[in-house]
Number of protein chains: 2
Amino acid sequence: MAVTDEAIEKIKGMIVSGALRPGDRLPKESELAADLGLSRNSLREAVRALSLIRILDVRQGDGTYVTSLDPQLLLEALSFVVDFHRDDTVLEFLAVRRILEPAATAMAASRISEQQLDALANQLDKLGNAPSVEELVACDLEFHRGIVQSSGNSVLCSLLDGLSGPTTRARIWRGLTQEDAVSRTLHEHRAILAALRDRDAEAARSWATVHIASVEQWLRSTL
Amino acid sequence: MAVTDEAIEKIKGMIVSGALRPGDRLPKESELAADLGLSRNSLREAVRALSLIRILDVRQGDGTYVTSLDPQLLLEALSFVVDFHRDDTVLEFLAVRRILEPAATAMAASRISEQQLDALANQLDKLGNAPSVEELVACDLEFHRGIVQSSGNSVLCSLLDGLSGPTTRARIWRGLTQEDAVSRTLHEHRAILAALRDRDAEAARSWATVHIASVEQWLRSTL
DNA sequence: TGTGCCTGAGACGTCGGATGTCTCGCACGA
DNA sequence: TCGTGCGAGACATCCGACGTCTCAGGCACA
């Protein structure tokens, strides 16, 4: 195995074993390189790779630190990966979302706060009846994110965030600009919100399923 | 932004835009570095980072290539990230799995082949009544992987594979060595298989839910 | 003519050092 | 006491050199 890959494994090992804890600072590059038995250049490749996936946080002039390792932070890397997928796999991602999002919405029904409900309502009101595609995409993302956050499961939240990344979402909406689709989407958002306000988990789940399935159906017909 | 990060973005851009397609070979390091306006060392940091998440495949003595970009390959990086999570988030991962796995199992009910069913049955028979913990973990992983693959959704498959990675699974089973848990797990596996053979999606979904929920419950009581 | 070995070119792997840039803490002066 | 300036420390970037590996093509042998 290459020395750089070894270094990646060793640093990973130090973190997983607990020798390095979240927030800890690593020895300076030259020292760490000497400890692990490689050159500073090669070590930097390892550190760079780990910082891309948010395991390490490198601050110029200061030092290198272990991140908080929050699921939210680590799964952020997921959206980077998702960006690489081609259009022909969008449907598969959407199918996964169709499984997760209704479940998350149902979970939120019993936990979401009144303030959060009001915030979601305000957000929908602000949008008006004839939003631009950009506004709609942003609103859609924000609406679902707000609900999923109330599910209380940060892994689920980050996962959905990654799967519904801006790129994927934008690609979908690019093909869905019919007036009919837009208004129906807004109507479904209101229905989901109403179900949440009623604390009706099953209704919330069903509306979320309908919502995503309709997007999926339109998308399938346009591909 | 650092030149290395710029390079990462530029290479990503070349792939996403289609200038570089799966399987394509990149210009040699020195040329690419010159094109992107940085040194070979810095470029190598970018390439290393992208190869860690399986976007690029570097072959010493040959060249650097774009990978197939299969969902399976890219989501493989997920398990690397999951390894970093501490015990207190295992329950959240398990909760996500409890959402995905029953859905995948239900999807498999209508698509799984007779050969696959026979293979799963053989696998369960081979295990016997008093397997070691290692055997049980391997069997459990293999059993569920086989079913999920039959769901026909490669994204779903890779995602579950990553979430149920060896590390997480091993950590779970370490705390579940009671005889009762083992035999009940085997019984549930057989029930899932029977439902699949009956092409009964709802029964398969329910057994899968029960199966994971029972693991979750035991785990929760031991933490 | 077909097969196998050998060799050389090309590409990545690794290294050491030099210099630039940034951050933080401390000392100094108002 | 507070704000500024300076210097040490750490990361950022680059350069050039050499090692190692892969692959393809030439050459010898059967």
Side-chain angles (χ1 to χ4, degrees), chain A residues 1-15 19-69 73 76-77 80, chain B residues 1-15 19-69 73 76-77 80:
Chain A
M1 193 194 294
V3 290
T4 302
D5 294 312
E6 267 182 57
I8 291 177
E9 287 300 322
K10 283 180 184 171
I11 296 174
K12 176 180 175 180
M14 285 192 284
I15 296 176
L20 285 174
R21 305 179 62 78
D24 277 2
R25 176 181 173 162
L26 274 68
K28 66 178 180 184
E29 287 183 344
S30 57
E31 275 182 25
L32 188 54
D35 287 349
L36 299 182
L38 39 63
S39 75
R40 195 175 150 239
N41 270 329
S42 300
L43 173 69
R44 275 182 59 76
E45 289 182 17
V47 169
R48 173 69 66 175
L50 289 173
S51 95
L52 177 70
I53 56 176
R54 304 289 200 280
I55 301 295
L56 297 180
D57 179 23
V58 181
R59 304 178 205 160
Q60 180 179 167
D62 185 359
T64 303
Y65 299 81
V66 180
T67 66
S68 64
L69 298 182
L73 201 60
E76 215 175 83
F80 187 91
Chain B
M1 194 195 294
V3 290
T4 302
D5 294 313
E6 270 182 55
I8 291 176
E9 287 301 321
K10 284 180 182 170
I11 295 174
K12 175 182 176 180
M14 286 192 283
I15 295 175
L20 285 174
R21 306 178 61 77
D24 277 1
R25 176 180 174 162
L26 274 69
K28 67 178 180 184
E29 288 183 345
S30 57
E31 276 182 24
L32 187 55
D35 287 348
L36 298 182
L38 39 62
S39 75
R40 190 175 155 232
N41 269 333
S42 299
L43 172 70
R44 275 182 57 78
E45 289 182 17
V47 170
R48 171 70 65 175
L50 289 172
S51 90
L52 179 69
I53 57 175
R54 306 289 201 278
I55 301 297
L56 297 180
D57 178 22
V58 182
R59 304 179 204 160
Q60 180 181 167
D62 185 358
T64 304
Y65 298 81
V66 180
T67 66
S68 64
L69 298 181
L73 199 60
E76 211 176 89
F80 187 91

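Per chain, numbering begins at 1; letters A, B, ... match sequence-line order.
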message = For C:dC12 and B:Thr64 - does any side-chain N or O of the residue sit under 4.0 Å from the phosphate oxygens OP1/OP2?
response =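 So the side chain of B:Thr64 is within the cut-off, an N or O lying under 4.0 Å from OP1 or OP2 of C:dC12.
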request  = State, to 0.1 Å, how close A:Leu32 and A:Met14 come at their nearest heavy-atom pair, and which atoms those are.
outcome  =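 Scanning both residues, the minimum pair turns out to be CD1-CE, 4.3 Å.
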message = Name the residue from A:Leu50, A:Ile11, A:Ile15, A:Asp57 that meets the side chain to side chain contact (heavy atoms under 4.5 Å, CB included) definition with A:Val66.
response =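 Among the candidates, only A:Ile15 passes.
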ask   = Out of B:Leu43, B:Val58, B:Leu20, which one pairs with B:Leu26 under the side chain to side chain contact (heavy atoms under 4.5 Å, CB included) rule?
value =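 For B:Leu26, the side chain to side chain contact (heavy atoms under 4.5 Å, CB included) check succeeds only for B:Leu20.
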query = When you match B:Arg48 and B:Arg25 each to their closest nucleotide on DNA chain C, which lands nearer the 5' end?
reply =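 Whichever sits nearer the 5' end wins; that is B:Arg25.
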ask   = Which nucleotide, C:dA11, C:dC12, D:dC11, lies nearest any side-chain atom of A:Val58?
value =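 Out of C:dA11, C:dC12, D:dC11, the nucleotide with an atom closest to A:Val58's side chain is D:dC11.
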Of the listed nucleotides C:dC12, D:dC11, C:dT14, the one nearest the side chain of A:Thr4 =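 My answer, after comparing the listed nucleotides, is C:dT14.
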ask   = Would you say the side-chain atoms of B:Arg25 pair up with the backbone N or O of B:Gly23, donor to acceptor, closer than 3.5 Å?
value =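 Answer holds: no.
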task = Keeping the roles fixed (side chain from B:Ser39, backbone from B:Ser42), state whether a donor-acceptor pair exists under 3.5 Å.
result =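 Confirmed, B:Ser39 side chain pairs with B:Ser42 backbone.
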query = Going 5' to 3' along nucleotides 15-23 of chain C, which nucleotides have protein heavy atoms under 4.0 Å from the base (write B), which only from the sugar-phosphate (write S), and which from neither (write -)?
reply = BBBB-BBBB
ask   = Does the distance from a Lys or Arg side-chain N to an Asp or Glu carboxylate O, for B:Asp35 and B:Lys10, drop under 4.0 Å?
value =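 Result for this pair is no, no salt bridge flagged.
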Send over the distance from [X] [atom1] to [N] [atom2], rounded to a whole Å.
X	N	atom1	atom2	value
A:Leu36	C:dT14	CG	P	13 Å
A:Arg44	D:dC14	CZ	C1'	11 Å
B:Leu56	C:dC12	CG	P	11 Å
B:Glu29	D:dC21	CD	P	16 Å
A:Lys28	D:dA12	NZ	C1'	16 Å

